[in-house]
Amino acid sequence: MKESYNFNEVEKKWQKYWEKNKFFEVEMDSKKPKYYVLEMFPYPSGEPHMGHVKNYVIGDVVARYKHSQGYNILHPMGWDAFGLPAENAAIKNQIHPSVWTKENIQKMKSTLIDMSISYDWNREIATCNPDYYKWTQWMFLQLYKKGLAYKKKAVVNWCPSCNVVLANEQVINGKCWRCDTEVIKKELSQWFFKITEYAQRLLDDMESLEEWPEKVLTMQRNWIGRSEGARIEFLIKGSDKTIPVFTTRPDTLYGVTYFLLAPEHPLVEEIMKDSPYKAEVQKYREDVSKESAIDRVSGTSEKKGCFTGKYVINPINGEEIPIWLANYVLMGYGTGAVMAVPAHDQRDFEFAKKYNLPIRIVIQPKDKKVSSDTMKNAFDEEGIMINSGQFNGLSSSKSLDVIIDYLIKKGSGEREVNYRLRDWLISRQRYWGAPIPMIYCENCGMVPVPEKDLPVLLPENVDFKPKGMSPLESNKEFVNTICPKCGRKAKREIDTMDTFVCSSWYYLRFCSPKTDTEPFNAEELKYWMPVDQYIGGVEHAILHLLYSRFFTKALYDMGYVNFEEPFKRLFTQGMVCKGGAAMSKSKGNIVNPGEIFTKFGIDATRVMMLFAGPPEVDMEWTDKGMEGASRFLNRVWRLIYNNIDCFKKGEDKEEVSLKNLSIEAKKIRQKTHQTIKKVTEDVEKRFHFNTAISAIMELVNEAYKLELPEEGKNENDVFVLKKTLEIIVRLLAPITPHFSEELWQEMGNKESIYFKPWPEYDEKMLEEEEKLIVVQINGKLRGKFTVSASCNNEKIKEKALSLSRIKEKITGKEIVKIILVSGKLVNIVIK
RNA sequence: GCCGGAGUGGCGGAAUAGGUAGACGCACAGGACUUAAAAUCCUGCGAAUUGUAAGAUUCGUGCCGGUUCGAUUCCGGCCUCCGGCACCA
């Protein structure tokens, strides 16, 4: 054994050994309980960054830990390989996206192999391979069959820089999620997935996601944005047509003083036919259409409106109400029409003030009086109804239901639930994605590609420079095809799918990645799914995690899977920062993982990442932290090296039966068991590897202090030390696999530590023989003493009172009471 | 504006059921070993007051208040930071 730890040699040695002996390859085994650990697969951008490293290290610790508990571990890795960067890089460097992607996969894979993350590389998948995207296309066809995929002309988000449409989820503050360019609106015919049909179930089933971070659930809830209310029909004056509105406040119906339509509302044309205000309205609509998408929805732009000269009838009291157009009414939500209640809605209030429209109070607060002349803001809380006919005097919250019922009876209203969630736009006008398997025939119209003809291969020879048109259009051999129905000339769909479609089902494919007759094998799926522990960045809280949940539910409804939620437990790790900011190229604060591995080794890097703080919190990368981690491993190495003689002789004994132990040995034995307990709980329940490592450090420090007398060594003391050292190495094994494996073998073990079951602690060993009692006076610490664990409470009290310092403080004072917490503390309350 | 989360030494962080605040580590200072350096080991390390010293006293977990024998922890009210949503009717 070497006197100092040569990580280079040790890490290489065990990597080779594990690979050669196929340690991490798994098969389904119905006799063993399974555990599926998954880290979000990366986009192969080339170099893995520290964020990736953190993600995979956490996953690897979990996988190795669970393995040591006897689980059959599925821990796979693959590549989210379609996507824009490949295409952009290709355009820039004159290299084909597939070549660029494959090179990057190779680079990233070799780093992951260097890190010896315990992946079963036999199960590697890449979404850009035809044997994978064949099944992505199959998924599309199933959704199409189910009526969950449809094409429609719609105003969509368009990124003028990426030259591509974006899903709502990919628009962040009005800007493109990828390049930050301001998104514009475009009308296009596009494919959508009907995720809105699952809005309520996606919401309801969050109840079952008990082991997901609350943060993520909240974000999804906000995104789905359910609101309850009513749909109310307003009759257009002089017509038999009604315009519906959605409102969450039917209780304010008597306070409606004007009516609003979105400027692009389709009914506007119709009602304007015979209006004297035609010209003004026309101009107004043109002006609004020039407003940028961001200003329009940001809430900051000025409210602008235009009177139409038309009126609707309020169904509750027959009042005539003027119809206006307003830029703050959005066509995309509710019905694109709003009943305006300026007294009780801030936006309507501002609008009414600007255009001098009447404000009528119909809800009065309970404790004060507001008046329409003096109010500075709308009153939007609950109160007592006034000016509301037969409903006067009711509390506004209670009247919600009463009014809806009344409207239902009159035939002018319905209960309605609205969601903010929009259908998922999946068409992309780019090359590097899975082709949408659809054919357009002049005779038969839209015809899905028959399943037997899958995959629709992505042609190699394509001019993929962006022209605002799908690049596939440039390959006529691809575009021109024959109709599978009638055999006549037809054209293929030239858009590809959003890459998030590919990543919405990859976790299923890992269960049976090689099967070529079906997307996944039902039996394997039944065994492995759901994913027991999913780990990734919080940036996917809405996008990927919502889409995957939707896919799983759709597949469940079609009978392909027998579970409704794909990820049982989710962990979202924090970012790796340097200098207080997330590492990024633009900030120039990138730390290259490869360089760190060379300088300090993989295992030290793992320790540093896990020790820096709780993994869900952003961590600060410091070189000093790296040195500390490295120092710690060397310290453990020396500790074991100094005591290597312990392992040369002696057979295993029952720990409990050990007699004649020195006090020090007893203490360290107890500490060892406490440490097992602490580390197990921290890793299992809390994922707090930082405190787990600090507990191991404490044990190491204690072990250093245990100086066994040179001559006349107590054999049992030696045995206790040996056990402690073993435990240290075993507890470290999931965190520092190479390091622990080396020490384990040096200790004389033949089998790999990977197969050694996780250590267990003995309750009996945890108890301390002596307890430290803290003495307080009025809650302030005034003294301490130790007693044997068997000492009774009366004696403890007596002893506390007899401490000289305590005596001093209490003489002449009245003792009000004495509080005693068994085995812990005495608090003397004096006056 | 609404919804989450967080605020503890010089720094990262600990205190998992209301019971010794600051574990563990980093940085720093002093010492040992060394010709020297590195490495390693030992000691100290929240602030203030006081004492030759061991020590003692007070303050201290964003701020203000409350509950309690006792509050980083529970309650009420604020402030700041981070994240999400946002003219969503």
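The structure displayed is predicted, hence computed values, not measured ones. Naming: A, B, ... by sequence-line order, numbering from 1 per chain.
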*Asks:* Does the rC69(B) base have a donor-acceptor partner in the side chain of Lys817(A) within less than 3.5 Å?
*Replies:* no

*Asks:* Rounded to the Å, how far apart are Arg221(A) CZ and rG83(B) P?
*Replies:* 22 Å

*Asks:* Rounded off to whole Å, could you give me the NZ-to-C1' distance for the Lys780(A) and rU20(B) pair?
*Replies:* 14 Å

*Asks:* For residues 250-259 of chain A, which residue pairs qualify under salt bridge (Lys or Arg N to Asp or Glu O under 4.0 Å), counting only residues two or more places apart or in two chains?
*Replies:* Arg249(A)-Asp251(A)

*Asks:* How long is the span from the CH2 atom in Trp324(A) to the CG atom in Leu260(A), to the nearest 0.5 Å?
*Replies:* 9.5 Å

*Asks:* If a stem is a run of at least 3 consecutive Watson-Crick or G-U pairs, both distances under 3.5 Å, which stems include RNA chain B?
*Replies:* B:1-7 with B:79-85, B:10-12 with B:24-26, B:28-32 with B:40-44, B:46-50 with B:55-59, B:62-66 with B:74-78

*Asks:* For Arg422(A), answer base if it contacts any base atom (sugar-phosphate contacts may also be present), sugar-phosphate if it contacts only those atoms, and nothing otherwise; contact means non-hydrogen atoms under 4.0 Å.
*Replies:* nothing

*Asks:* Remember a base hit wins even if backbone is also touched, and classify Arg631(A) as base, sugar-phosphate or nothing at under 4.0 Å, heavy atoms.
*Replies:* sugar-phosphate

*Asks:* Is any side-chain nitrogen or oxygen of Asn827(A) closer than 4.0 Å to OP1 or OP2 of rU68(B)?
*Replies:* no

*Asks:* Base, sugar-phosphate or nothing for Ser227(A)? Non-hydrogen atoms, less than 4.0 Å.
*Replies:* sugar-phosphate

*Asks:* I'd like to compare against my own output: the B/S/- annotation of nucleotides 5-16 of chain B with a strict under-4.0 Å heavy-atom distance to protein.
*Replies:* -------BSSSB

*Asks:* How far does OG1 of Thr675(A) sit from CD1 of Ile728(A), to the nearest 0.5 angstrom?
*Replies:* 8.0 Å

*Asks:* Which part of the nucleic acid, if any, lies within reach of Leu772(A) when heavy atoms closer than 4.0 Å are counted: base, sugar-phosphate only, or nothing?
*Replies:* base

*Asks:* Under 4.0 Å, counting only non-hydrogen atoms across every strand here, what does Arg231(A) touch: a base, just sugar-phosphate, or nothing?
*Replies:* nothing

